[in-house]
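Step one of this worksheet: look at the structure below.
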Amino acid sequence: MGSSTIQFVLLLFVSFSLSDAQLLPPSTIPKRAGIIFDLERDPSTLQYMIKIKQGTPQSEVKLVVDLGGKLPWLSCHKGHNSSSYHPVSCSSPQCALANKPTSTLELCNGTANNACSVHMINPVTLSHRKGKLISDLVTVASNPDNQDTPVSSPRRCAFGCATTGSILSGLAKTSKGVAGLGRSSALSLVPQLAVAFRFSRIFALDLHDTNTDVKSGETGGKIYFGGGPYIHYLFGFDDLKERDLTYTPLLINPKSKEEYFVDVKSIKVHGITVPINKKLLSINKKTGTGGTKIDIRIPYTTMETRIYKAFTKAYTEWAESFNNANAELNDFLNITRVTPVAPFTTCFNSSTVPLVRMFQNNDPPGVAFIFPKSVWNISLFDMVRVNDGVDCVGFVDGGSKPKTSIVIGARQIGFLEFDISRSRLGFQQPNLREF
Ligand SMILES: *[C@@H]1O[C@H](CO)[C@@H](O)[C@H](O)[C@H]1NC(C)=O
Ligand SMILES: *[C@@H]1O[C@H](CO)[C@@H](O)[C@H](O)[C@H]1NC(C)=O
Ligand SMILES: *[C@@H]1O[C@H](CO)[C@@H](O)[C@H](O)[C@H]1NC(C)=O
Ligand SMILES: *[C@@H]1O[C@H](CO)[C@@H](O)[C@H](O)[C@H]1NC(C)=O
Ligand SMILES: *[C@@H]1O[C@H](CO)[C@@H](O)[C@H](O)[C@H]1NC(C)=O
């Protein structure tokens with residue numbers, strides 16, 4: 001084992017230095033080809049999963065996508081059955097990356113077989129488990145929908161390997177671990193794929209078609225690594241990159257460096273500014289509380305109770321003022337509130353709402369998140385059809401003392417590009433469902 005570990009460490013150094021494409025003469029820089037994974041949604045937990053092929057012989061495993069995860073990890077309690085896997089040594093650079101700021105001396109102190117020990121966190125239960133860092137081969141197709149696209153040669157990827165099955169509790173039953181896509185760790189799947197396939201640290205989520213039928217796990221959702229072109233498969237010819245994305249800087253929460261925070265300065269509902277205590281919108285650098293982050297594991301955006309109340313009140317006021325402004329048309333245009341359906345609190349008779357918002361082109365969007373230098377307009381994705389005839393404002397009360405004041409969840413994401421290299425978040429304007 002000793003010699004294979006040394007070989008692996010050498011290999012790692014070589015691939016790290018070669019990955020800097022700027023050092024290569026232009027003719028040898030490979031044509032950029034990103035990686036696309038289909039997103040599957042677990043019907044009971046609503047978690048999104050990707051399928052990866054790993055090990056020798058190859059086996060397919062499903063991993064729950066966790067935007068704030070430090071590294072990808074698998075449950076190995078039934079053994080990790082692969083002839084191509086290497087344990088990562090406690091003295092390797094990868095082990096140091098996984099355990100920053102602990103020193104190598106401490107990492108190798110009293111470990112059996114020089115194995116690198118890592119902590120894994122279950123993003124649902126937040127329970128920690130110790131396990132080993134291993135590396136194994138991963139195979140991906142650069143475009144799973146296109147049979148002509150060659151499957152890549154396998155590349156090495158480091159995983160945490162948890163030896164207790166209980167670490168999987170709370171995760172989708174068919175999953176075997178977590179795909180951690182954190183923004184700061186060098187072992188997150190984003191930089192690992194960027195190094196292995198020589199593209200920049202960038203990924204994008206397309207959840208446009210994923211909310212129509214929550215009951216079936218089938219979604220049209222995709223996750224892209226390495227940048228565009230972002231092909232919208234519903235039509236097959238639509239390159240999202242051609243419609244300009246708008247950007248806002250990603251913030252770092254010093255107490256939660258792996259997560260993706262943005263600087264929401266205010267919120268508008270149908271053009272009306274929602275009154276919000278500004279303190280809630282900024283990150284408290286000492287405690288890490290407050291602010292706004294993106295989390296694909298949350299089905300609907302959550303807001304701290306006071307923000308939520310002001311926000312939903314703005315919706316009912318909008319409905320009233322709309323009805324008043326159209327009083328002579330109230331026989332046809334009369335937005336009507338109905339008994340809310342949990343977890344939502346503000347619902348309307350759908351036959352009185354949706355068309356109105358579509359044909360009035362110059363109507364402000366349902367929701368606008370105001371960033372320092374840009375505005376993210378969200379239209380239609382602000383509402384959720386909970387059953388025939390009832391549309392609800394698709395936001396949820398996040399409680400009176402949540403860690404993060406606003407957590408933008410799957411329903412409102414639409415299309416987002418997370419550009420770690422340039423520390424910015426790109427969104428599509430306007431955020432519309434395709435018809
Ligand atoms: C490991 O692989 C061997 C041969 O492919 C198979 O017979 C065995 O059942 C596998 N064990 C596990 C735990 O998957
Ligand atoms: C190694 O571990 C032993 C026992 O846990 C401890 O006493 C010692 O201080 C450790 N040494 C280092 C360098 O961390
Ligand atoms: C409009 O809806 C309200 C209830 O939301 C109702 O009281 C009122 O009678 C309706 N107006 C017309 C003209 O239908
Ligand atoms: C919605 O309004 C329509 C037309 O006024 C009515 O027939 C239907 O019963 C209402 N649905 C609900 C859920 O209130
Ligand atoms: C967002 O909505 C506002 C209000 O309707 C509008 O003025 C603005 O142009 C929109 N921005 C984009 C990029 O669509």
Side-chain angles (χ1 to χ4, degrees), residues 207 211 245-251 253 259-284 289-296 298-322 335 337 340 343-348 353 357 360 362-384 391-416 424-433:
L207 305 186
N211 295 290
L245 294 179
T246 308
Y247 293 92
T248 189
L250 285 168
L251 302 184
N253 180 336
E259 296 191 285
Y260 296 86
F261 280 77
V262 286
D263 195 11
V264 170
K265 290 289 189 200
S266 63
I267 300 173
K268 286 185 181 181
V269 168
H270 289 279
I272 305 158
T273 301
V274 178
I276 299 173
N277 176 350
K278 294 277 192 268
K279 251 192 180 158
L280 293 167
L281 294 178
S282 59
I283 301 166
N284 180 322
T289 56
T292 303
K293 71 175 183 184
I294 323 278
D295 191 343
I296 190 180
I298 308 267
Y300 309 102
T301 299
T302 62
M303 294 173 160
E304 186 270 352
T305 300
R306 282 166 291 170
I307 302 177
Y308 181 74
K309 287 204 166 129
F311 176 83
T312 49
K313 187 157 169 268
Y315 265 94
T316 51
E317 285 171 0
W318 159 73
E320 280 163 21
S321 67
F322 181 90
I335 303 173
R337 280 189 77 175
F344 309 111
T345 61
T346 308
C347 301
F348 301 100
V353 186
R357 301 187 307 150
Q360 301 223 334
N362 48 8
D363 250 14
V367 176
F369 286 115
I370 317 295
F371 298 121
K373 289 185 178 155
S374 57
V375 176
W376 180 16
N377 287 338
I378 294 180
S379 300
L380 301 186
F381 279 163
D382 58 332
M383 303 290 275
V384 175
D391 281 1
C392 296
V393 177
F395 292 67
V396 176
D397 186 344
S400 61
K401 288 228 177 299
K403 218 171 133 205
T404 304
S405 303
I406 301 174
V407 184
I408 298 173
R411 169 68 185 181
Q412 280 78 34
I413 284 175
F415 180 89
L416 287 180
R424 63 182 195 175
L425 179 78
F427 42 90
Q428 196 195 345
Q429 295 280 23
N431 164 321
L432 282 177
R433 180 185 293 278

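Please read these numbers as outputs of a predicted model, since none were measured by experiment.
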Would a 4.5 Å heavy-atom cut-off, applied to side chains only, mark Ile283 and Phe261 as touching?
yes
Quick note, side chain to side chain donor-acceptor pair (under 3.5 Å) partners involving residues 395-404, not counting sequence neighbours, are Thr305-Asp397
Taking every heavy atom of Ala410 against every heavy atom of Ile296, the minimum-distance pair comes out as CB-O, 3.9 Å
Evaluate the side-chain contact (heavy atoms from CB on, under 4.5 Å) criterion for residues Ile408 and Thr292: first the C-alpha distance (whole Å), next the side-chain angles of each, then the deciding distance (0.1 Å), finally the verdict.
CA-CA 7 Å; Ile408 298 173; Thr292 303; 3.9 Å; yes
Minimum heavy-atom distance between Gly398 and Thr302, given as atom pair plus value
CA-CB, 4.0 Å
Sorted by chain and residue number, the side-chain hydrogen bond (donor to acceptor under 3.5 Å, both in side chains) partners of Tyr308 (sequence neighbours excluded) come out as Thr345
What pairs with Thr248 under side-chain hydrogen bond (donor to acceptor under 3.5 Å, both in side chains), at least two apart in sequence or on another chain?
none
By ring pair (Phe, Tyr, Trp, His ring centres under 6.0 Å), which residues pair with Phe395, not counting sequence neighbours?
Phe311
What are the two closest heavy atoms between Phe344 and Val396, and how far apart are they?
CE2-CG2, 4.0 Å
For Ile267 against Ile370, the heavy-atom pair lying closest together
N-CG1, 4.4 Å
Please report whether the ring centroid of Tyr315 lies less than 6.0 Å from that of His270.
yes
Rounded to the nearest 0.5 Å, what separation is found between the CE atom of Met303 and the OG atom of Ser405?
10.5 Å
Name all residues meeting the side-chain hydrogen bond (donor to acceptor under 3.5 Å, both in side chains) criterion together with Asp295; count only those two or more places apart in sequence or in a different chain, and write none if there are none.
Arg297
Is it possible for you to check whether Arg424 lies under 6.0 Å from the centre of the six-membered ring of Tyr247, through NZ or CZ, and within 45° of that ring's axis?
yes
Is there a side-chain contact between Val384 and Asp391, using heavy atoms and a 4.5 Å cut-off?
no
For Pro275 against Ala310, the heavy-atom pair lying closest together
O-CB, 3.5 Å
Who pairs with Thr301 by side-chain hydrogen bond (donor to acceptor under 3.5 Å, both in side chains), at least two apart in sequence or on another chain?
Gln412
Does anything in residues 263-273 form a salt bridge (charged side-chain N to carboxylate O under 4.0 Å, His left out)? List the pairs, not counting sequence neighbours.
Asp263-Lys265
Atom pair OG1/CG of Thr289 and Asn284 - distance to nearest 0.5 Å
4.5 Å
Show your reasoning for whether side-chain contact (heavy atoms from CB on, under 4.5 Å) applies to Trp376 and Val264.
CA-CA 10 Å; Trp376 180 16; Val264 170; over 6 Å; no
Just verifying a value: how many Å separate Phe427 CZ and Ser374 OG, rounded to the nearest 0.5 Å?
4.0 Å
Of Leu416, Leu251, Ile406, Leu425, the residue whose pairing with Val262 passes side-chain contact (heavy atoms from CB on, under 4.5 Å):
Leu425
Can you pull the salt bridge (charged side-chain N to carboxylate O under 4.0 Å, His left out) pairs that have at least one residue in residues 306-318, sequence neighbours excluded?
Glu304-Arg306, Lys313-Glu317
Do the side chains of Tyr260 and Lys293 get nearer than 4.5 Å, heavy atoms only?
no
Indicate the ring-plane relationship of Trp318 and Phe348, choosing parallel, tilted or perpendicular according to the 30° and 60° boundaries.
perpendicular
d(Glu259 CD, Asn253 CG) to nearest 0.5 Å is 7.5 Å
So how far is it from Ile307 CD1 to Asn277 CG, rounded to the nearest 0.5 Å?
8.0 Å
